[in-house]
**Student:** 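Pasting a structure here, questions to come.
Computed from a predicted model, the values in this text were never measured in an experiment.
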Amino acid sequence: MYIDESVLKNEEKIAFSLRALYQKSGYVRYKMSKFEEYDFYAVNRDFLVSDNIITFTDTNGKLMALKPDVTLSIVRGTKDTPGKVSKLYYDENVYRVSRNSHGFKEIMQAGIECIGDLSDRDICEVVLLAAKSLKLISDESVLKVSHQGVVSGLLDEIGLYGEERRMALKFIGEKNLHELSDLLKAAGADNEYMKKIKAVFNLSGTAAKILPELKKIGCSPDETAELETLNEELGREGFGSSLIIDFSVVNDMNYYNGIVFRGFVNGIPAGVLSGGQYDKLLLKLGRRSRAVGFAVYTDLLERFEVKEPANA
């Protein structure tokens, strides 16, 4: 069947290209309902980007919610099976408050979720697909990668938990070292600790440049080794130069662990891709599986000039 691409919106063209990439990589499309029972989202509300959820009462009296998140729905639809890995992709709309308009908006997303008895290779594959997704959108793209273990290890050293930890993560994400320093000093940080944490959060660059610095600073060799393996895997596929290590990339530590990442393309001020490992979410739901995935926010690409399709 012939499709006249001239009638497609930019974000629709990109969505088609992403679908082809994910199918070619062995991922199966996951189709879901536009709404689910509200209770499921309410219990896991702190995993959601926004607290606000559009609800309605079904004809049977149940309180339902327009889908505010895809990951939670996919996790709910999978089961733990020893030795099995579910590789799923989606192209769905979610309904939540927009960061720009501050009103409810139908937001287009495409992405993948890899859930099950995961190996380190599976995690590297997902990060590689994130890099390839950015490349489909623009040659001028960068994937910023962090490791929650490095960040949490530093905050554990000083015993920072609860609201103080949440504020520290906020300052780290904003690269606000001034406020972060004040918070840590108030928590009892000494000069040696302050030197170490400032050294880590000032790091940003290619893995070849940053990894030796992490070892000198004395960060956990386990997390450093995981970043090293990831860099080697992406380098073999020709994406080593696209990978930037930046510890300001942080996600909710109640759910995320291990590798986390965010993707940017030139010409769009906000990140167009976000993802990472979220084993802790499954653990909270009583699951034994590991999980990693990402979303591409295709709605942000509405006015973006789409590059010509290339073999990914």
Side-chain angles (χ1 to χ4, degrees), residues 5-6 8-25 27 49 89-91 98-100 105 107-112 123-147 172-175 201-211 213 227-251 259-276 292-312:
E5 290 195 5
S6 66
L8 298 177
K9 297 178 182 178
N10 285 350
E11 65 269 30
E12 290 173 330
K13 293 177 185 178
I14 291 171
F16 278 124
S17 296
L18 293 174
R19 280 190 212 169
L21 169 64
Y22 305 150
Q23 285 182 343
K24 183 180 175 182
S25 302
Y27 285 70
V49 173
Y89 82 89
Y90 61 86
D91 179 11
S98 166
R99 289 173 178 170
N100 296 326
K105 185 180 177 183
I107 298 171
M108 295 175 63
Q109 286 186 192
I112 65 174
I123 294 166
C124 288
E125 177 188 76
V126 169
V127 182
L128 176 61
L129 281 171
K132 287 184 175 181
S133 298
L134 291 171
K135 193 75 170 178
L136 278 176
I137 298 167
S138 172
D139 286 325
E140 295 182 85
S141 60
V142 63
L143 187 66
K144 293 188 175 183
V145 177
S146 179
H147 198 298
I172 291 167
E174 295 169 349
K175 293 192 174 183
F201 294 120
N202 277 322
L203 293 175
S204 182
T206 62
K209 173 186 172 185
I210 301 304
L211 288 173
E213 292 299 318
L227 289 169
E228 215 158 23
T229 299
L230 179 63
N231 182 53
E232 289 170 1
E233 289 289 331
L234 266 66
R236 273 194 282 271
E237 296 288 337
F239 285 88
S241 60
S242 303
L243 183 69
I244 298 296
I245 294 179
D246 185 336
F247 290 102
S248 69
V249 177
V250 289
N251 285 334
I259 302 290
V260 291
F261 47 92
R262 197 166 296 142
F264 300 84
V265 296
N266 190 29
I268 300 180
V272 301
L273 180 151
S274 181
V292 60
F294 65 81
V296 179
Y297 305 113
T298 50
D299 63 300
L300 293 177
L301 307 172
E302 183 180 357
R303 295 179 180 84
F304 185 72
E305 187 65 33
V306 184
K307 64 173 280 191
E308 290 299 313
N311 293 326

**Student:** What residues, two or more places apart in sequence or in another chain, satisfy side-chain hydrogen bond (donor to acceptor under 3.5 Å, both in side chains) together with Tyr27?
**Tutor:** Glu125
**Student:** Minimum heavy-atom separation for Tyr90 to Ala295, with atom names?
**Tutor:** OH-CB, 3.3 Å
**Student:** Flag the pair Val145 / Val249 as yes when at least one side-chain heavy-atom distance between them is below 4.5 Å, and no otherwise.
**Tutor:** no
**Student:** Do Glu233 and Val127 make a side-chain contact, defined as non-hydrogen atoms from C-beta onward lying under 4.5 Å apart?
**Tutor:** no
**Student:** For Lys175, enumerate each residue passing the side-chain contact (heavy atoms from CB on, under 4.5 Å) test, keeping only those at least two apart in sequence or located in another chain.
**Tutor:** Asp246, Ser248
**Student:** When rounded to the nearest 0.5 angstrom, what is the spacing between OH in Tyr89 and CD in Gln23?
**Tutor:** 3.5 Å
**Student:** With a 4.5 Å limit on heavy-atom distance, are the side chains of Ile245 and Leu203 in contact?
**Tutor:** no
**Student:** Kindly indicate whether the side chain of Ile259, heavy atoms from C-beta on, has any atom under 4.5 Å from the side chain of Val292.
**Tutor:** no
**Student:** Sequence neighbours left out, what passes side-chain hydrogen bond (donor to acceptor under 3.5 Å, both in side chains) with Asn251? Give chain and number order.
**Tutor:** none
**Student:** Does a side-chain heavy-atom distance below 4.5 Å link Ile244 with Ser204?
**Tutor:** yes
**Student:** Provide the closest heavy-atom pair for Ala110 versus Thr298 in the form atom of the first, atom of the second, distance.
**Tutor:** CB-CG2, 4.3 Å
**Student:** Could you tell me whether the side chain of Ser17 and the main chain of Lys13 form a donor-acceptor pair under 3.5 Å?
**Tutor:** yes
**Student:** First locate atom OH of Tyr297, then atom CE of Met108, and finally report the distance between them rounded to the nearest 0.5 Å.
**Tutor:** 14.5 Å
**Student:** Within this structure, what is the CD1-CD1 distance for the pair Ile268 and Ile137, rounded to the nearest 0.5 Å?
**Tutor:** 7.5 Å
**Student:** Could you work out, with side-chain contact (heavy atoms from CB on, under 4.5 Å) as the rule, every residue matching Ser133, not counting sequence neighbours?
**Tutor:** Leu18, Leu21, Tyr22, Leu273, Phe294, Val296
**Student:** The criterion is side-chain contact (heavy atoms from CB on, under 4.5 Å); which residues satisfy it with Glu228, sequence neighbours excluded?
**Tutor:** Leu211, Lys215, Glu232
**Student:** Please report the closest heavy-atom contact between Ala270 and Leu300, naming both atoms and the distance.
**Tutor:** CB-CD1, 4.4 Å
**Student:** Compare all side-chain heavy atoms of Leu129 with those of Ser25 and state whether any distance is below 4.5 angstrom.
**Tutor:** yes
**Student:** Grab the two heavy atoms, one from Leu128 and one from Phe239, that are nearest each other, plus how far apart they are.
**Tutor:** CD1-CD1, 3.7 Å
**Student:** Please name all residues satisfying side-chain contact (heavy atoms from CB on, under 4.5 Å) with Phe264, sequence neighbours left out, ordered by chain then number.
**Tutor:** Val142, Lys144, Arg262
**Student:** Would you name the heavy atoms of His147 and Phe247 that are closest together and state the gap between them?
**Tutor:** N-CE2, 3.9 Å
**Student:** I want to check something: taking the side chain as every heavy atom from C-beta on, are Leu234 and Ser242 in contact at a cut-off of under 4.5 Å?
**Tutor:** no
**Student:** Give the minimum heavy-atom separation between Phe261 and Gly293, together with the two atoms involved.
**Tutor:** CZ-O, 3.8 Å
